[in-house]
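Scroll down for the structure; my scribbles are underneath it.
Just follow the structure's listing: the first ligand is 1, and inside any ligand the first atom is 1.
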Amino acid sequence: MKLLDVHDLQFSFKTYAGEVQAVRGVSFSLNVGEALGIVGESGCGKSVTAKSIVRLNPTRNGIYKSGTIMFDNKDILSLSKQEMQIIRARDIRMIFQDPMTSLNPTMRVGRQIMEGFKVAYPNMKKEEAKKRTLDILYSTGIPNTEERFKQYPHQFSGGMRQRAMIALAMVVKPKLLICDEPTTALDVTIQAQILDLIKEQQEKTKTGIILITHDLGVVANIAKNIAVMYAGKIVEYGSAQDIFYNCMHPYTWGVLQSIPPKDADINKPLVPIKGTPPDLLKPPKGCSFTARCPYAMKACKEMPPPVYMADENHSVACWRYHPNAPKIINPITQREVQLCPTK
Ligand code: SF4
């Protein structure tokens, strides 16, 4: 059953220099209880896409240019401010890279979570809210819950604060949890623990998850499907299996080749993607990856590539899949590129 359906979303920011076209025609959907990873480098539009879903982009200069966002059969873009506040309080929760921006630094952590219970269940008694708060702190892996309940956010470590944020978000049992770079500020061991916690909560509560990250490795164990974004567009979409073992877009190839493998030879250099993304004040008229793509052809500069379907859940936007394009070798699979690759 569909929980979220985003269709042809275009979102821009008006600036003194002109209009920054941050999101340029993004479409995807998410079923109830599923997890989707949105992956791409900084400035590719992934966070703007996520904030568009909850209408949290700045209204002063942000503009929805086109598109529809249907969440739980509601048209998000036609809801009133009050209706959106209720959706954000109960149905769609967001956690960010820095929990200090979301936790109130002047309020004890336990009290903040209890307030969350009050919003979700207005008739709940104080003792019951406290008991549930202690339970949820415990279930998110926070030790000494009685003591932690009374502490302020600055008395928590970075990983503990992120656990508290997850607890706060899960209080209302949201239908959708959007995690925007939730582990970027944490060290590797804590990162893995927080990702395990998100996965555990998703499996336990059947909450839909959108996990936004610049790091493909982060989504590997959580996401059923992955959208790879570049310069405001989804350039490849597929199952996690497709993206890791059978990816088709030259940008995805570049991202995978720049990740150190587990058994990496320290003497073997990683392969970076040369160059920088285009200026979204004036996006290129053809494929946005042209200037950095080793496989670019004349057509790439002139027209945006169509979206080709490799199968019903795997799409790629690249001219190299046009039937008349000269064939190249996929550096990940070492096979000639084709639309129906042998898996
Ligand atoms: Fe590279 Fe052309 Fe494909 Fe763009 S359309 S990714 S430039 S080959």
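Near C293, meaning under 4.0 Å from one of its heavy atoms, ligand 1 places the atoms 1 (Fe), 6 (S), 7 (S), 8 (S). For ligand 1, the atoms closer than 4.0 angstrom to any heavy atom of T290 are 7 (S). Listed by atom number, the atoms of ligand 1 under 4.0 Å from Y295 heavy atoms are 8 (S). Of all the atoms in ligand 1, the ones that sit under 4.0 Å from a non-hydrogen atom of R320 are 8 (S). Counting atoms of ligand 1 from 1 in the listed order, those under 4.0 Å from a heavy atom of P250 are 6 (S).
Among all protein heavy atoms, the one lying closest to atom 5 (S) of ligand 1 is W319 N, 3.2 Å. What sits closest to atom 4 (Fe) of ligand 1 on the protein, heavy atoms only, is C287 SG, 2.4 Å. Annotation: atom 2 (Fe) of ligand 1 to nearest protein heavy atom, C300 SG, 2.3 Å. Atom 3 (Fe) of ligand 1 has its closest protein heavy atom at C318 SG, 2.3 Å.
A salt bridge between E146 and K131 is absent, with no side-chain N of the basic residue lying under 4.0 Å from a carboxylate O of the acidic one. In summary, K46 and E181 engage in a salt bridge, as defined by a charged side-chain N under 4.0 Å from a carboxylate O.
Ring-plane geometry between Y251 and Y230 is classed as tilted, the angle between the planes lying from 30 to 60 degrees on a 0 to 90 degree scale.
Rounding to the nearest 0.5 Å places OG1 of T133 at 9.5 Å from CD of E128.
Just one of H154, Q155, R148 meets the side chain to side chain donor-acceptor pair (under 3.5 Å) condition when paired with Q151; it is R148. Remark: of the listed residues P326, C300, P331, C318, P331 is the sole one forming a side chain to side chain contact (heavy atoms under 4.5 Å, CB included) with Y295.
For the ligand labelled ligand 1, residue K301 lies outside the 4.0 Å heavy-atom shell.
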Step-by-step side chain to side chain donor-acceptor pair (under 3.5 Å) determination, S47 to D180: CA-CA 7 Å; S47 293; D180 190 357; 2.9 Å; yes
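Side-chain polar atoms of T106 and N104 form a donor-acceptor pair below 3.5 angstrom.
Metal site remark for atom 3 (Fe) of ligand 1: H249 contributes no N, O or S atom at a distance under 2.8 Å.
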